[in-house]
Amino acid sequence: MTAFTVALVLVVAAAGLLRWRRPAWYWLAFGVTLAALRVLVRYRSVMDACGLTVPPTRWRLSLARATNQPIPEPRPPRIRRLWPTRTGLVLRLKLRPGQDVFDIAAASDRLRHSFSMFGVTSREVRSGVVEVRMTGYDVLKRVQMPAETETLPMRVPVALREDGSVHYRDYRAIPHALTLGATESGKSVYQRNLVAGLAPLDVALVGIDCKQGVELFPLARRFSALADSPDTAAELLDVLVARMADVYRLIRTQQRITVDVPDAEIAADIWDLPAELRPTPVVVLVDEVAELALYATKEEERRRDRIITALVRLAQLGRAAGIYLEICGQRFGSELGKGITMLRAQLTGRTAHRLNDETSANMAFGDIAPDAVLAAIQIPAELRGLAIAGDSSGGWHRIRAPHTSLRQAVNLCNRYADRTPYLPELAPFRPSTGTATELVPSAKAAPVTA
């Protein structure tokens with residue numbers, strides 16, 4: 001008995017230590033089994049207490065009266081599947097007639113308390129089927145990305161969501177995005193993760209950093225072009241607009257609209273072109289958009305209008321030409337001048353770190369998810385990297401990018417420096433890295449010709 005007591009004390013102490021220092025290990029070792037049992041045992045009573053049951057049907061009531069049986073109890077949604085993950089549990093439910101997915105979403109906070117979980121979110125898989133994701137611990141407190149993530153063209157993992165799933169930046173689905181964040185909010189770390197994810201891909205990176213390049217120039221060996229002033233940025237954006245027109249001429253000559261060509265092979269953007277003719281996609285990262293929109297003289301105002309016009313054109317027309325925008329800034333408001341709201345309307349993806357004012361939060365989410373505005377301005381200052389991510393569909397999530405130091409990002413860009421494509425039109429803006437790196441033009445990086 002003494003040995004059993006000692007062993008039990010050691011197990012409890014080990015579990016407590018794991019829960020404090022390594023919550024993911026605790027969850028996989030102890031928490032997942034206890035949570036699954038808790039959900040299965042409490043399921044019917046919890047659903048009844050949360051108002052997620054439906055009364056028995058008329059034929060069941062009539063049958064009970066005819067056979068002199070007790071009145072059937074209200075029925076909760078049927079459990080179709082329950083499986084564990086590295087961060088929690090996933091519960092797939094089949095809704096009863098008369099129930100709606102919004103009923104589950106509205107009761108998510110009550111389900112969290114009733115099942116003793118850290119967080120509960122839900123989404124509709126298909127009509128009548130809802131997936132409830134429950135997290136067993138705070139996955140955003142110490143972000144640990146999964147060892148394996150889905151790899152698709154122009155799709156990179158950049159952060160972890162509060163439900164334990166990976167947040168991807170998919171340029172094919174959401175071509176342009178706006179990222180906001182005050183000083184020391186974690187916006188730069190998010191940007192480094194984005195560059196780190198794009199570095200191994202066949203993509204040209206173009207940076208505009210008007211803070212004399214202090215943010216992006218350390219990563220210069222992986223960039224095909226960099227601008228460190230508004231004047232250079234204006235020239236660079238004009239070149240990108242011209243490249244966009246050349247790509248459209250190339251697509252026009254390769255559309256192959258004939259009777260014997262299947263509909264799926266008719267070219268409408270660069271991804272419909274043959275691989276040997278496809279131009280290299282370009283991702284444009286603007287570090288501080290406000291610096292491009294400010295002016296003090298008439299000459300600077302003309303330059304500002306030229307820059308904003310080029311950005312709006314790229315945002316409106318650049319997707320099919322393989323040009324994608326990542327607009328970042330500390331502040332984004334209508335006071336930046338004409339064209340800013342037009343530019344915002346084309347930026348489908350929205351990410352907001354901690355903000356100093358409600359106006360920027362409204363500019364980020366006011367037109368797509370008003371309830372995300374309050375969540376964005378309530379991010380505490382001590383949680384650097386925590387952000388709200390949404391898109392034009394109205395859905396939003398809390399995310400947090402794993403901490404990536406500048407040295408880690410620099411090492412990664414240096415490792416994949418040989419993947420930097422040679423684009424002749426961008427050669428004048430190629431940053432000088434102080435080392436001779438031979439760039440061999442490939443078929444993908446060939447000059448665009450109509």
Side-chain angles (χ1 to χ4, degrees), residues 176-188 190-191 205-220 223 225-244 282-318 323 325-347 350-367 376-377 425-426 428-432:
H176 313 301
L178 173 66
T179 303
L180 300 177
T183 304
E184 297 295 323
S185 65
K187 177 169 56 68
S188 297
Y190 178 86
Q191 195 175 51
L205 299 180
V206 173
I208 298 177
D209 182 4
C210 291
K211 294 187 293 186
Q212 297 299 312
V214 296
E215 291 286 349
L216 297 181
F217 265 75
L219 316 175
F223 276 75
L226 274 174
D228 62 353
S229 67
D231 292 327
T232 310
E235 298 174 4
L236 177 57
L237 291 172
D238 288 342
V239 170
L240 290 174
V241 172
R243 174 183 171 82
M244 179 177 65
V282 178
V283 176
V284 183
L285 294 101
V286 180
D287 183 67
E288 185 52 69
V289 66
E291 285 298 318
L292 301 178
L294 297 177
Y295 64 90
T297 63
K298 286 293 184 180
E299 183 179 355
E300 292 179 352
E301 183 180 7
R302 287 192 294 269
R303 182 194 64 199
R304 178 252 178 221
D305 293 342
R306 175 183 166 192
I307 290 174
I308 299 301
T309 300
L311 285 175
V312 171
R313 285 179 175 172
L314 291 174
Q316 289 179 337
L317 308 174
I323 299 178
L325 297 182
E326 284 287 342
I327 306 295
C328 302
Q330 300 180 27
R331 179 79 173 85
F332 198 85
S334 58
E335 70 275 5
L336 294 180
K338 60 181 181 181
I340 286 296
T341 54
M342 185 185 301
L343 175 61
R344 183 198 63 165
Q346 304 297 327
L347 304 177
R350 311 286 175 84
T351 302
H353 297 74
R354 178 179 54 83
L355 297 169
N356 292 331
D357 61 298
E358 189 176 350
T359 304
S360 294
N362 280 317
M363 286 292 284
F365 300 114
D367 58 333
I377 62 178
E425 62 269 33
L426 297 181
F429 305 95
R430 170 73 180 171
S432 175

**Report entry** Contacts of D287 that satisfy salt bridge (Lys or Arg N to Asp or Glu O under 4.0 Å) - sequence neighbours left out
**Finding:** K211
Query raised in the report: Do F223 and L285 come close enough that some side-chain heavy atom pair is under 4.5 Å?
Result: yes
Requested in this report: Return the set of residues passing side chain to side chain contact (heavy atoms under 4.5 Å, CB included) with P428 (not counting sequence neighbours), or none when no residue passes.
Outcome: none
**Report entry** F332 CZ to M363 CE distance, which is reported to the nearest 0.5 Å
**Finding:** 5.0 Å
Query raised in the report: Does anything in residues 288-300 pair up under salt bridge (Lys or Arg N to Asp or Glu O under 4.0 Å), and if so which pairs, sequence neighbours excluded?
Result: K298-E301
Requested in this report: Measure across A182 and N356 and return the closest heavy-atom pair with its distance rounded to 0.1 Å.
Outcome: CB-ND2, 3.5 Å
Query raised in the report: Looking at residues at least two apart in the chain, or sitting in another chain, which of them share a side chain to side chain donor-acceptor pair (under 3.5 Å) with S360?
Result: R331, D357
Requested in this report: Check side chain to side chain donor-acceptor pair (under 3.5 Å) between Q191 and all other residues, then give those that pass, not counting sequence neighbours.
Outcome: none
Report task. Just do the side-chain contact (heavy atoms from CB on, under 4.5 Å) check on V284 and E326 with the steps written out, would you? Result -> CA-CA 6 Å; V284 183; E326 284 287 342; over 6 Å; no
Can you give the donor-acceptor pairs under 3.5 Å from side chains of residues 234-242 to other protein atoms, not counting sequence neighbours?
from : atom 1 : to   : atom 2 : distance (Å)
D238 : OD2    : R306 : NE     : 2.7
D238 : OD2    : R306 : NH2    : 2.6

Query raised in the report: What are the two closest heavy atoms between A376 and A352, and how far apart are they?
Result: CB-CB, 4.3 Å
Query raised in the report: Got a sec, which residues hit side chain to side chain contact (heavy atoms under 4.5 Å, CB included) with A233, two or more places apart in sequence or on another chain?
Result: I208, A227, L292
Query raised in the report: So with a 6.0 Å cut-off around CZ of F217, is the heavy-atom count from everything else above 12?
Result: yes
Query raised in the report: With sequence neighbours left out, what residues match L347 under side chain to side chain contact (heavy atoms under 4.5 Å, CB included)?
Result: H176, L178, I327, L343, R350
**Report entry** With R303 via salt bridge (Lys or Arg N to Asp or Glu O under 4.0 Å) - residues at least two apart
**Finding:** D231
Query raised in the report: How long is the span from the CD atom in Q316 to the CE atom in M342, to the nearest 0.5 Å?
Result: 6.5 Å
Query raised in the report: With a 4.5 Å limit on heavy-atom distance, are the side chains of I340 and R344 in contact?
Result: no
Query raised in the report: How long is the gap from CE on M244 to CG on L314, to the nearest 0.5 Å?
Result: 5.5 Å
Requested in this report: Please examine the side chains of L325 and Q346, heavy atoms only from C-beta on, and report whether any two atoms are closer than 4.5 Å.
Outcome: no
Requested in this report: May I have the step-by-step check of side-chain contact (heavy atoms from CB on, under 4.5 Å) for K338 and D305, ending in yes or no?
Outcome: CA-CA 8 Å; K338 60 181 181 181; D305 293 342; 3.7 Å; yes
Requested in this report: Identify the heavy atoms of L226 and A220 that sit nearest to each other, and give their distance.
Outcome: CD1-CB, 3.9 Å
Requested in this report: Please assess L294 against R304 for the test side-chain contact (heavy atoms from CB on, under 4.5 Å), listing each intermediate value before the final yes or no.
Outcome: CA-CA 7 Å; L294 297 177; R304 178 252 178 221; over 6 Å; no
**Report entry** Donor-acceptor pair, side chain of D209 and main chain of L216, under 3.5 angstrom
**Finding:** yes
Report task. Just jot down the side chain to side chain contact (heavy atoms under 4.5 Å, CB included) partners of S188, sequence neighbours excluded, or say none. Result -> R192, E215
Requested in this report: List for me each residue that meets side chain to side chain donor-acceptor pair (under 3.5 Å) alongside T232, sequence neighbours excluded, and say none if there are none.
Outcome: S229
Query raised in the report: Quick one: does L180's side chain get under 4.5 Å of K187's, heavy atoms only?
Result: no
Requested in this report: Determine whether V283 and V206 make a side-chain contact, defined as any pair of heavy atoms from C-beta on separated by less than 4.5 Å.
Outcome: no
Query raised in the report: Listed by chain and number, what are the ring pair (Phe, Tyr, Trp, His ring centres under 6.0 Å) partners of F365, not counting sequence neighbours?
Result: none
